[in-house]
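What you are looking at is a predicted structure, and each value in this text was computed from that prediction instead of being measured. Chain letters run A, B, ... following the sequence lines, proteins first, then strands; residues in each count from 1.
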Amino acid sequence: MKRTHYCGQIGSAQIDQKVTIMGWVQKRRDHGGVIFTDIRDRSGLVQVVFNPNLDDDAFAKANQLRSEFVIAIEGIVEARPDGNINPDLSTGEIEIKCVDLRILDVAKTPPIQVEDDLDVGEDLRLKYRYLDLRRPKMQKIMGLRHQIMKTVRDYLDNNNFWEIETPILTKSTPEGARDYLVPSRIKQGRFFALPQSPQIFKQLLMASGMDRYYQIARCFRDEDLRANRQPEFTQIDLEMSFITREDVLEITEGLMRKVFSLVDIEVPEEIPVLTYDEAMARFGSDKPDLRFAMELIDISGLVAASDFKIFSGTIANGGQVKGIKFKGGADLSRSQVDELEEHVKLFKAKGLAWMAFKEDGLKSPVAKFLSDQELELIKEKMKADTGDLLLFVADKPAIVAAALGNLRLKIAKDNNLIPDDTYKFAWIIDFPLLEFDENAERFVAKHHPFTSPIAADIDILDEKPTEVRADAYDFVLNGEELGGGSIRINNRQLQEKVFDALNMSKVEQEEKFGFLLDAFEYGAPPHGGIAFGFDRLMMIAAGTDSIRDVIAFPKTQRATSPLTDAPSEVDPVQLKELGININKED
RNA sequence: GGAGGUGUAGCGUAGCGGUUUAACGCGCCGGCCUGUCAAGCCGGAGAUCGCGAGUUCAAAUCUCGUCUCCUCCGCCA
């Protein structure tokens, strides 16, 4: 028996034809004298009818059929009798009268039913992922994932990019995320690291004259998981020689246009470009969600001389006071406002000052500390009307941004202020090159240590390191960072200078990155690139809020696989070969 | 590392100190049924209430601990 059609492809065009389909039993409806079954494959469902008039054997066998049996059906396509057309099914105009049934494999009753809109715990879905993936919804996502991947490849191929693989077993480097390590058997006591990204290799490929490279690359970071973060994830990674930032942005926008057109999302001709400083000032985030306004307003100038010490004192100590306006939020209950205050405290804010402009006047626990004039100026600056609620945080700029930026998102989500089916793209540029890490007590690279400073800022690298801007750019959609990249350093002197600024010793520079520094001495072209979080792209394309929905075999929040039970203990012989002893804590 | 939520038949839930013999829906098993597609009707099986301590005459229900899964903070160049 050889399959002639996919289930979902059969329609009126095949009427009277003999077809052979293969797939899974979705459902059996036994009417005693006639049995209906829905057969499912990747393409959809089709109804098969078993009738003793047609074939006694097949009819008898059909009694044994159960959900998820794998079967082959040979039959004649017929139009359904009048009144029996099912408009909900793409194949609903026809049915297949079975003349031969073969059971290819039987199935136990599945622990989770294979159907969309089944509310089932995610741990079970992951344990029986092969059943979960049979659901049409999941099949659609995996098909879309393939389509997008193919689109990416086609687009980059058309733009002269070569797909080149880079090592999975590579070298642990400082900076960045925690590495996944792989012990070496040949060199005991030494370890490979799985790549956090192909960053250094793609730069070496530029030094190798490959001109344009891309890879749909698996990356590994041993950090805690989130709804949009997996320890093992996929990037669209690309790099170009002899280009400037504008070239990378242009190529990227073209790529995004192709990809999003697959899901009918329009990428505008002009994508807004915000500097990092502007994004932080207006939205309190370097990945602002531009689908709604509620921008942060700086009222520091209005309250610097105020008698309200929480405001004026903070400003005197180099801090600031900013606020957001929750339109129509004045009638929030006290406990609802308390909840908002709890939220900003998550981001280290000490408190949340508020002013509610109610019908019967201003209500605010801080009003009594402010003069009438100050209150009036604040109201004016914030453009507050009756019914509005103003919320203020006074603190260091970084805390104000984090607190209000996240409060803004929470209010918008909780109150449905974010329009559906709206896609707001943005480029964020001019990131700081360095930021001070309080724990490490040194500067760390905001992007990565191979990012080039903007040419004009190179001179101040020594005196004012925090003011140096990086020639880096992030691609943001709906408050999600989809991709980021930069123009890279391509000469040894500047690269060493940046390593120096990161407090990396010459010895360490040589040990960890000597091969890259060497490469820069043999003629490396100016180059730059970008990497996209493919899974996050998929989340948006598939309209899901969990990264696990777009990965065939994802891991749980504890970075384990319920399906395979990885990570698992290994045979002591394996450990011995690797020269590894396990210290079991108590 | 921290905060919050969660766990009761195969699945989703209800019950939240004692009239419960732990209920309901889906699924499963058997019977009837020749036009169903959320098939229908009749009957049935299936649960040491995550695990471990404790309080109590009595614990699915209260307390503590622990584990799982989820969300978030830290972390993620």
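The nearest whole Å value for the distance from the CZ atom in A:Phe36 to the C1' atom in B:G35 is 4 Å.
At the heavy-atom level, A:Thr560 lies under 4.0 Å from the strands shown only through sugar-phosphate atoms. Residue contacts for A:Val444: at a heavy-atom cut-off of 4.0 Å it reaches no nucleic acid atom on any strand shown. Among the heavy atoms of the strands, none lies under 4.0 Å from A:Phe450. Residue A:Pro449 is in base contact, counting any heavy-atom pair closer than 4.0 Å across all strands shown. The residue A:Asp88 sits apart from the nucleic acid: no heavy atom pair falls under 4.0 Å. Looking at heavy-atom distances under 4.0 Å, A:Lys512 makes no contact with the nucleic acid at all. Across all strands shown, A:Arg548 has heavy atoms under 4.0 Å from sugar-phosphate atoms exclusively, and none from any base. At the heavy-atom level, A:Arg80 lies under 4.0 Å from base atoms of the strands shown. As judged by a 4.0 angstrom heavy-atom cut-off over every strand, A:Leu124 is placed among residues touching the sugar-phosphate backbone only. Among the atoms of the strands shown, none is found under 4.0 Å from any heavy atom of A:Ser546. Heavy atoms of A:Asn84 sit under 4.0 angstrom from at least one base atom. Residue A:Asp222 is out of contact with every strand shown, counting any heavy-atom pair closer than 4.0 Å. Using a 4.0 Å heavy-atom criterion, one finds that A:Glu68 contacts no nucleic acid atom at all.
Counted by atom type alone, A:Gln199 and A:Asp237 present zero donor-acceptor pairs between their side chains at under 3.5 Å.
Stacking of A:His31 onto the six-membered ring of B:G35 is not present when judged by under 5.5 angstrom between centres and under 30° between planes.
The side-chain hydrogen bond (donor to acceptor under 3.5 Å, both in side chains) contacts involving residues 53-66 of chain A comprise A:Asn51-A:Asn53, where partners must be two or more places apart or lie in separate chains.
Ring geometry, A:Phe220 versus A:Tyr180: the interplanar angle exceeds 60°, so the pair is classed perpendicular (tilted spans 30 to 60°).
Each of A:Gln235 and A:Lys348 lies near RNA chain B, and the nucleotide nearest A:Lys348 is the one positioned closer to the 5' end. Toward the 5′ end of RNA chain B lies the nearest nucleotide of A:Pro81, the other residue of the pair A:Leu346 and A:Pro81 mapping further downstream.
Within the 4.0 Å cut-off from OP1 or OP2 of B:C73, not a single side-chain nitrogen or oxygen of A:Lys345 is found.
With A:Arg548 contributing its side chain and A:Thr556 its backbone, the two residues share no donor-acceptor pair below 3.5 Å.
To the nearest whole angstrom, the two P atoms, one in B:G35 and one in B:A9, are 39 Å apart.
For A:Trp24 and A:Phe69, the ring centers are positioned 6.0 Å apart or more.
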